[in-house]
Amino acid sequence: MVKTIWIGDVQAGKYDDQEVELKGWIKRERGSNKMRFIVLRDSTGNIQCVVKKDALGEELFQEVKNVLIETSVIITGVVNADERADGGHELIATAFEIIGPVNPERPFPINKESLEAEDEDGEIMPGGSEFLLDNRHLYLRTSRMTSMLKLRSSAFGAIHNYFRNEDFIEYQAPNFVTGAVEGGSTLFEVPYFGRTAYLTQSWQLYAEAAMPALERLYTIAPSFRAEKSRTRRHLTEFWHAEMEMAWATNDEIMIHGEGVVRHVARTMLEEQEQELVSLDRDLDLIARYADSPYPRMRYDEAVEILQGKGVDVEWGQDLDYSKEKILTQDFDVPHFLTHYPKIAKPFYHRVDPDEDKYVLCHDLLAPEGYGEIIGGGERTWSEEEILARIDEEGTPREPYQFYIDTRSYGGVPHGGFGLGVDRVVSWLAGATHIREVIPFPRTSRRVTP
RNA sequence: GCCGAUUUAGCUUAGCUGGUGGAGCGUGGGACUGUUAAUCCCAAGGUCGAGGGUUCGAACCCCUCAAUCGGCGCCA
């Protein structure tokens, strides 16, 4: 039963003139009543199979003629290099077996027309129509979505490799929590045996608890935010790669932020060049993201640049997406923004001991309008300081008691960051929307299928 | 939380100032021995998102509701 021959390898020329057995799904079907051309799809590619009536006999040929798109089949035949076939190879069929048929009363609903549906501005958002989102379980089989899922896999693998090579320990935090990391209004409430729990927004508080044990730790896990954001960059459930590191400064943490993103870009180029090309992605661009250093800019400098462009922005404001976009449109690689005003950031960000109106933090902004992909920095680590900042913000102490307690036993300077994995994949893949890079996107208006 | 838009066959859509809803794809039937999401002929398939109103008459005008999409704020 195990499949040993892959269409990608056949198209690469590994089986020329040999008889092979190909397992897959029918992507396209056409021809006459004497010969049929079946385009067979598997996870590695497509190949045209030539089915002649003379070779198969009347009865079997009728079956082939009536076969519908997405029927699963096993086709045996001889591989023939032929430039008339897409990809340069075709299979001259000698046997044909249907494994899973398709009911003609409910044929595969996704066709060319549904894939090219336009919005009111005449723009195609791939997979963005109500119909395709409702049929997401079938949309996964399209070539664009398959490419996205392969890129996603490479990104996850690259993140694990990067941190493990840098001697980080993988560590898991709970998903049911009682305290917020970001603003409290974006928590998902979960009934919890008569109490209220929340889905986690970040592993950070629990990672900091393990920092004195492991010193360098990381995770890739889902985070949940009940933001009603209707944008191309937001999911309510997204995959969060986070790291925490003892004895590290903001600058030293940024080295790893830059390192992991560049490693993801490099890995995609090495593992998924074909998929990037099929998505019309410029490989030189990805190579630049992999090879170039990422410049660092202080918040104050960014505000000056924006003011120089006539943007209405005052010192102390957090930079929203519209301002990020103006700032990053001149960038050809990601840029770090550091030293935000204290008033724009929550209590766990460490105040800059040199100038107490700033915090020692950083955001990494991706170019091409993709926005923020990393947020991180040094943490407030002394007990007195964290209590002072919690009270200053008016945040209740009670849900954070365990977190405060960790500061009472040998606190050390430390910090970390969170990286939006889906956002990184979306940016590197050149996706039109973040939902293009996750199989079943969860947004404020959609939890199905 | 705010703003904008959409909803007509399984899908994509046309439908003018209100007067019996057309097409392409797909499906079913037929033709075709090298097709490139083939081509040609035929057929079936619609309470026009739901409810109410105006009118002799509503897919079209008005109201309410629903679902979805796009954008803003916030963030990864």
Side-chain angles (χ1 to χ4, degrees), chain A residues 27-39 46 48-55 61 66 68-69 80 82-87 90 92 102-121 123-125 128-135 142-143 181-183 185-186 201-202 204 222-242 257 318-325 344-346 363-366 370-376 417-427 432-435 443-446 448:
Chain A
K27 186 184 174 71
R28 211 77 58 206
E29 194 273 335
R30 55 181 170 260
S32 68
N33 61 6
K34 298 276 172 50
M35 68 188 297
R36 311 296 298 175
F37 298 95
I38 305 280
V39 179
N46 304 324
Q48 170 167 291
C49 303
V50 183
V51 182
K52 294 182 179 174
K53 194 181 193 172
D54 299 344
F61 187 80
N66 293 332
L68 293 175
I69 286 174
N80 179 34
D82 191 322
E83 49 184 43
R84 287 176 298 184
D86 215 8
E90 61 184 16
I92 309 298
V102 171
N103 180 352
E105 284 173 20
R106 296 193 307 112
F108 193 67
I110 295 176
N111 57 21
K112 187 184 182 183
E113 282 66 34
S114 62
L115 292 174
E116 290 178 352
E118 296 174 355
D119 64 15
E120 64 267 24
D121 301 323
E123 193 186 349
I124 296 176
M125 297 270 274
S129 68
E130 185 176 358
F131 171 75
L132 291 177
L133 290 167
D134 285 343
N135 286 281
T142 62
S143 57
V181 177
E182 306 294 340
S185 64
T186 64
Q201 298 171 312
S202 165
Q204 182 192 322
S223 284
F224 306 89
R225 296 191 185 170
E227 292 156 351
K228 289 182 180 168
S229 315
R230 300 185 50 75
T231 78
R232 301 179 183 205
R233 321 176 291 292
H234 282 87
L235 295 165
T236 53
E237 176 181 354
F238 67 96
W239 285 80
H240 212 169
E242 300 183 82
D318 211 347
L319 301 179
D320 61 43
Y321 178 68
S322 63
K323 297 180 183 72
E324 272 181 11
K325 201 169 178 180
K345 295 286 178 182
D363 284 357
L364 183 62
L365 306 182
Y370 285 90
E372 187 177 339
I373 52 176
I374 280 180
F417 64 77
L419 173 149
V421 183
D422 319 274
R423 282 193 182 174
V424 169
V425 178
S426 180
W427 159 55
T432 59
H433 194 294
I434 196 166
R435 68 174 164 235
T443 57
S444 59
R445 297 253 181 113
R446 186 174 281 280
T448 55

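Source: prediction; values computed, not measured. Proteins come first, then strands; the chains are lettered A, B, ... in the order of their sequence lines, and each starts at number 1.
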**Report entry** Cation-pi, Phe37(A) ring and Arg28(A) (6.0 angstrom, 45 degrees)
**Finding:** no

Report summary line: Taking rU35(B), rA76(B), rG34(B) as options, the one with an atom nearest any side-chain atom of Arg225(A) is rA76(B)

Query raised in the report: Side chain of Ser229(A), base of rC74(B): donor and acceptor closer than 3.5 Å?
Result: yes

Requested in this report: Kindly point out which of rC69(B), rC75(B), rU12(B) is positioned nearest to the side chain of Glu324(A)?
Outcome: rC75(B)

**Report entry** Spacing of His433(A) atom NE2 relative to rG71(B) atom C1', expressed in whole Å
**Finding:** 11 Å

Query raised in the report: How many Å lie between NZ on Lys53(A) and C1' on rU33(B), as a whole number?
Result: 10 Å

**Report entry** d(CD1, Ile374(A); C1', rC75(B)) in whole Å
**Finding:** 14 Å

Query raised in the report: For Phe238(A), which contact category applies under a 4.0 Å heavy-atom criterion: base, sugar-phosphate, or nothing?
Result: base

Query - Nearest-angstrom distance, P atom, rA58(B) to rA50(B) - result: 15 Å

Requested in this report: Return the value, rounded to whole Å, for the distance between atom NE2 of His234(A) and atom C1' of rC69(B).
Outcome: 17 Å

Query raised in the report: Taking the C1' atom of each, how far is rU35(B) from rC11(B), in whole Å?
Result: 24 Å

Report task. Tell me what Gln48(A) touches on the nucleic acid: a base, only sugar-phosphate, or nothing, going by heavy atoms under 4.0 Å. Result -> base

Query raised in the report: If you round to the nearest 0.5 Å, how far is CD of Glu113(A) from CZ of Phe131(A)?
Result: 11.0 Å

Query raised in the report: Base, sugar-phosphate, or nothing: which does Ser223(A) touch, judged by heavy atoms less than 4.0 Å apart?
Result: nothing

**Report entry** Nearest non-hydrogen partners of Ser223(A) and Gln201(A), listed with the distance
**Finding:** OG-O, 3.2 Å

Query raised in the report: Taking atom types as they are modelled, is there a donor-acceptor pair under 3.5 Å from the base of rC75(B) to the side chain of Arg423(A)?
Result: yes

Query raised in the report: When you measure from the side chain of Arg435(A), which nucleotide among rG70(B), rA76(B), rU12(B) comes out closest?
Result: rG70(B)

Report task. Give one of base, sugar-phosphate or nothing for Glu242(A), where a contact means two heavy atoms less than 4.0 Å apart. Result -> nothing

Query - P spacing across the pair rG15(B) / rU55(B), given as an integer number of angstrom - result: 29 Å

Query raised in the report: Counting only Watson-Crick or G-U wobble pairs whose two distances fall under 3.5 Å, which nucleotide matches rC65(B)?
Result: rG49(B)

Query raised in the report: Using purine N1 to pyrimidine N3 plus N6-O4 or O6-N4 for Watson-Crick, or N1-O2 and O6-N3 for G-U wobble, both under 3.5 Å, which nucleotide pairs with rG28(B)?
Result: rC42(B)

Report task. Using a 4.0 Å heavy-atom cut-off across all strands, classify Gly371(A) as base, sugar-phosphate, or nothing. Result -> nothing

Requested in this report: For rA44(B) versus rC65(B), give the span between their P atoms, rounded off to a whole number of Å.
Outcome: 42 Å

Could you go over nucleotides 46-50 of chain B and give all protein N or O partners under 3.5 Å, atom names and distances?
none

**Report entry** Contact state string [nucleotides 23-30 of chain B, B base, S sugar-phosphate only, - no protein heavy atom under 4.0 Å]
**Finding:** -BBSSS--

**Report entry** Nucleotide forming a Watson-Crick or wobble pair with rU20(B), both distances under 3.5 Å
**Finding:** none

Report task. Identify the nucleotide, in any strand shown, that forms a Watson-Crick or G-U wobble pair with rG70(B), with both distances under 3.5 Å; if there is none, say none. Result -> rC3(B)

Report task. Check every strand shown and say whether Asp320(A) touches a base, only sugar-phosphate, or nothing at a heavy-atom separation below 4.0 Å. Result -> sugar-phosphate

Query - Whole-angstrom distance between rU54(B) and rC63(B), as gauged at atom P - result: 15 Å

Query raised in the report: Which nucleotide in the list rU12(B), rC72(B), rU33(B) gets nearest to the side chain of Ser114(A)?
Result: rU12(B)

**Report entry** Any-strand Watson-Crick or G-U partner of rA9(B), both distances under 3.5 Å
**Finding:** none

Report task. Mind checking Asp54(A) for me? I need base, sugar-phosphate or nothing, with any heavy atom below 4.0 Å counting as a touch. Result -> base

Query raised in the report: Among the nucleotides rG34(B), rU33(B), rC11(B), which one has an atom lying closest to any side-chain atom of Arg84(A)?
Result: rG34(B)

Query raised in the report: With distance as the sole criterion, do the side chain of Arg28(A) and the base of rA37(B) form a donor-acceptor contact below 3.5 Å?
Result: yes

Query - Residue whose closest nucleotide on RNA chain B lies nearer the 5' end, Leu419(A) versus Lys52(A) - result: Lys52(A)

**Report entry** Arg230(A) side chain, from C-beta outward: closest of rC75(B), rC72(B), rC11(B)
**Finding:** rC72(B)

Query raised in the report: Counting side-chain heavy atoms from CB outward, which of rU36(B), rC69(B), rG73(B) is closest to Thr231(A)?
Result: rG73(B)

Query raised in the report: Do His234(A) and Arg435(A) have side-chain heavy atoms sitting under 4.5 Å apart?
Result: no

Query raised in the report: Counting only heavy atoms not in Asp86(A), do more than 12 fall under 6.0 Å of its CG?
Result: no

Requested in this report: Take Arg84(A) and Asp82(A), measure what salt bridge (charged side-chain N to carboxylate O under 4.0 Å, His left out) needs, and give me the verdict at the end.
Outcome: CA-CA 5 Å; Arg84(A) 287 176 298 184; Asp82(A) 191 322; 3.0 Å; yes

Report task. Go through rU68(B), rU36(B), rC72(B) for me and flag the one nearest to the Tyr321(A) side chain. Result -> rC72(B)

Query raised in the report: Taking CD1 from Ile124(A) and P from rG70(B), how many angstroms apart are they, rounded to a whole number?
Result: 14 Å

**Report entry** Touch class at under 4.0 angstrom, heavy-atom based, for Gly418(A) against every strand present
**Finding:** sugar-phosphate

Report task. Figure out the CG/P separation between Asn135(A) and rU68(B), and round it to whole Å. Result -> 15 Å

Report summary line: Of rC74(B), rC69(B), rA76(B), the nucleotide closest to the side chain of Arg233(A) is rC74(B)

Requested in this report: Go through the side-chain N and O atoms of Glu227(A) and Ser444(A) and say whether any donor and acceptor fall under 3.5 Å apart.
Outcome: no

**Report entry** Out of rG1(B), rA76(B), rG34(B), whichever nucleotide has its closest atom nearest the side chain of Lys228(A)
**Finding:** rG1(B)

